[in-house]
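Input: a single structure, listed below in structure tokens.
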Protein chains: 2
Amino acid sequence: MTPSAREPRIRRATILDVAAAAGVSRQTVTRAMNDMPGISPTTRERVQQLAAELGYTPSRFAKGLVQGARVSLGLAIPDLTNPYFPAFASTVVEVATQRGWNVVVDDFGHGSGSGLDAVNRLAPQVDALVGYLGACSSDAQAMMGRRPVVVLDDPSGHAAGGISFDYAYAARTALERLQAAHCREIAYLDSNQEGPATTRGLAVAAAAKEAGIELTVRQAADSAPAARQAVRAMIEDRGGIDGLLVFNDLMAAGALKALQDAGKTVPGDCAVIGMDGIPLGELLTPELTTLALDLRAVGRAAVDLVDNLLAGALEAGSEDAMLVLRHELVLRQSA
Amino acid sequence: MTPSAREPRIRRATILDVAAAAGVSRQTVTRAMNDMPGISPTTRERVQQLAAELGYTPSRFAKGLVQGARVSLGLAIPDLTNPYFPAFASTVVEVATQRGWNVVVDDFGHGSGSGLDAVNRLAPQVDALVGYLGACSSDAQAMMGRRPVVVLDDPSGHAAGGISFDYAYAARTALERLQAAHCREIAYLDSNQEGPATTRGLAVAAAAKEAGIELTVRQAADSAPAARQAVRAMIEDRGGIDGLLVFNDLMAAGALKALQDAGKTVPGDCAVIGMDGIPLGELLTPELTTLALDLRAVGRAAVDLVDNLLAGALEAGSEDAMLVLRHELVLRQSA
DNA sequence: GTGCGGCACGTGAACGTTCACGTAGTATCC
DNA sequence: GGATACTACGTGAACGTTCACGTGCCGCAC
């Protein structure tokens, strides 16, 4: 539960050891280690040399305690093996690093855990929290106390900050595109991660109804092989599908494979549209048309929210702390 | 440089605030917060309630200081947008999390920084360090003092622990496969990340010489578009290439694209072999033959080394702390 | 009623830094 | 030659916990 101290409490060298070895005081060692003024170059050099020899490294705990530093940003990710999340995480890490944060990453999907597990692990160790936490944003905020929490993709989120996506717009845009490509039999392949229907799934269903489209819906696990399997089954059940919208790009990759397996051409026999716009899409054959997120903008926005919440420039839970971003259609070969 | 404390040092609630509010002592609050014995259920409940109301969260600095905890593992990654690294990172995060570590990830490629930048950022904040640090393993160990450092892919590494790969074996296996596929004109597409020739490049050249193969070598940046561009140019220069070994799977994906652009079939006109065995390979068309690493084994080995070094079960810099792993050929469609 | 054990809770000390001072000694200025 | 300023260093206090004790109190057996 609580992170366990590892066994043999080997006494690390402290600042006093270095001070004693150099025949100076704590404060002089501090000055040497932190390149502060008020110390002669000779002494500085000698102390640094001695510190290196003793293997002295300042305790981040002691330093953090006295300085009250806010340096660690927690990043909770459902599944790093799904390329969307590294793409997102990499922009968060990049932006946050630029702003002086250290990013602590927790992947809670692997151990088939929930977001709450990640929160429990991260909360004691970080000064702010960002992540795809599913439905546990209120628990997260409770665990984090007054520290900033930014939750992605949970419109009902009860965290201090939130970023969600305009799926109604995305769904409408995708279906319009499929109609423009003269698709008659349109299907949606959903993820089964969140139960009977995802937020995306509901938006697609609504958009289809609005556009008078009779939509075939199928669910599969959020992975390429599962999607491949599901589309294979879908083709067997209902051969005539000629337009396919998919929950995300990874599953779309699997869908493309299944269509190829069945000897169908894309987009000739069936057009395919993915969602999120990860770089993978460009490497597929045919290249994947997708509703792309500006991933850099998402990452930047998340870190912005954290910084602003911390600075008190935003009121926690206020309108301004709840961002809504849009997917934009990127036309490539598959639709 | 040093992580800056963020501006307004808003006084967080401390254990004393909670104690005062509850009319009990520090220690009783500690007992309540950490579910320790020696406290009545009534008091525990009341204190927890009050703590939540006050937004009290224990300071990890104070706690770490007194407990001497080793909880944070630094993970230095050159470029999270290259899917190899998330694949590696995800196993490290998974395994390390299981063992009670928090993983602090630093991506030093984006800012066009070097591994040394990552080390400078991570060293003050972590209890151990793992990563692809390029050539700065000795600097890393110096910054980390006596704390464990495990460096990947730097055979000359001067860190406490190391994991490297048997590229001679990999190169031999790949070239054998291409020869078995009756390729006559074999080329190697190298990365230009490390200068004129990479460790992998040298191994491939040596293996080619050994096998009596006259090898065409070309370099490109470590990305799919750059590889695509380079292979396009290679085809223009020397059309007859019918066997292509590529630095890694991401670049191989770009190479496949270039061959398709040129109207060549794979593996008919040209066989392609990638390296590292990332999941992406299976999604490409044709599916990528590759020299695959057991990525889970690599991640597990890295964390094992850290734990053993920390426990003193391994001597830093000893033979046992230097692992060599092998790529194994995974035959798919492209060769 | 005395002794003893257990329960619920409190208190001094320690963890390793940095901050905000304080203090010698030396040079500077007129 | 005495006040002033600067340089190079030292010292008490504080940061917020947990650890290892210590202390009342109540009940119970004999």
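So that the names make sense, note that chain A is the first sequence line, chain B the second, and so on, each numbered from 1.
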Calculate the interatomic distance between [X] atom [atom1] and [N] atom [atom2]; express it in whole Å.
X: B:Arg60; N: D:dT18; atom1: CZ; atom2: C1'; answer: 17 Å
X: B:Phe61; N: D:dT17; atom1: CZ; atom2: P; answer: 12 Å
X: A:Met36; N: C:dT17; atom1: CE; atom2: P; answer: 14 Å
X: B:Leu65; N: C:dT18; atom1: CG; atom2: C1'; answer: 12 Å
X: B:Lys63; N: C:dT17; atom1: NZ; atom2: C1'; answer: 20 Å
X: A:Ile39; N: D:dC9; atom1: CD1; atom2: C1'; answer: 9 Å
X: A:Tyr56; N: C:dG16; atom1: OH; atom2: P; answer: 10 Å
X: A:Gln125; N: D:dT17; atom1: CD; atom2: P; answer: 14 Å

Verify the contact: side-chain N or O of [X] to OP1 or OP2 of [N], cut-off strictly under 4.0 Å; return yes or no.
X: A:Thr30; N: C:dT18; value: yes
X: B:Ser40; N: C:dC7; value: no
X: A:Ser59; N: C:dG16; value: no
X: A:Thr28; N: D:dG10; value: yes
X: A:Thr43; N: D:dA8; value: no
X: A:Thr14; N: C:dG16; value: no

- prompt: Applying side-chain hydrogen bond (donor to acceptor under 3.5 Å, both in side chains), which residue pairs with at least one partner in residues 145-160 of chain B are found, sequence neighbours left out?
  reply: B:Ser137-B:Asp154, B:Asp153-B:Tyr167, B:Asp154-B:Ser156
- request: Look at the side chain of A:Gln27 against the base of C:dC19 and say whether a donor-acceptor pair falls under 3.5 Å; ignore hydrogens and angles.
  value: yes
Kindly give the heavy-atom pair with the smallest separation between [X] and [Y], and that separation in Å.
X: A:Asp79; Y: A:Asp107; result: CA-OD1, 3.7 Å
X: B:Asp127; Y: B:Val71; result: OD2-N, 2.8 Å
X: A:Val93; Y: A:Thr97; result: O-OG1, 2.5 Å

- prompt: How about A:Gln49 and A:Glu53: does a side-chain donor come under 3.5 Å of a side-chain acceptor?
  reply: yes
query: Can A:Ser59 and A:Arg12 be counted as having a side-chain donor-acceptor contact under 3.5 angstrom?
result: no
- request: Find which nucleotide of DNA chain D each of A:Arg26 and A:Arg46 is nearest to by heavy atoms, and output the residue with the more 5' nucleotide.
  value: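 Mapping each residue to its closest nucleotide by heavy atoms, the 5'-most match is A:Arg46.
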At a cut-off of 3.5 Å, list every protein nitrogen or oxygen paired with a nitrogen or oxygen from nucleotides 22-26 of chain D, distance to 0.1 Å.
none

- request: For the pair A:Asn82 (side chain) and A:Tyr84 (backbone), establish whether a donor and an acceptor sit closer than 3.5 Å, ignoring hydrogens and angles.
  value: yes
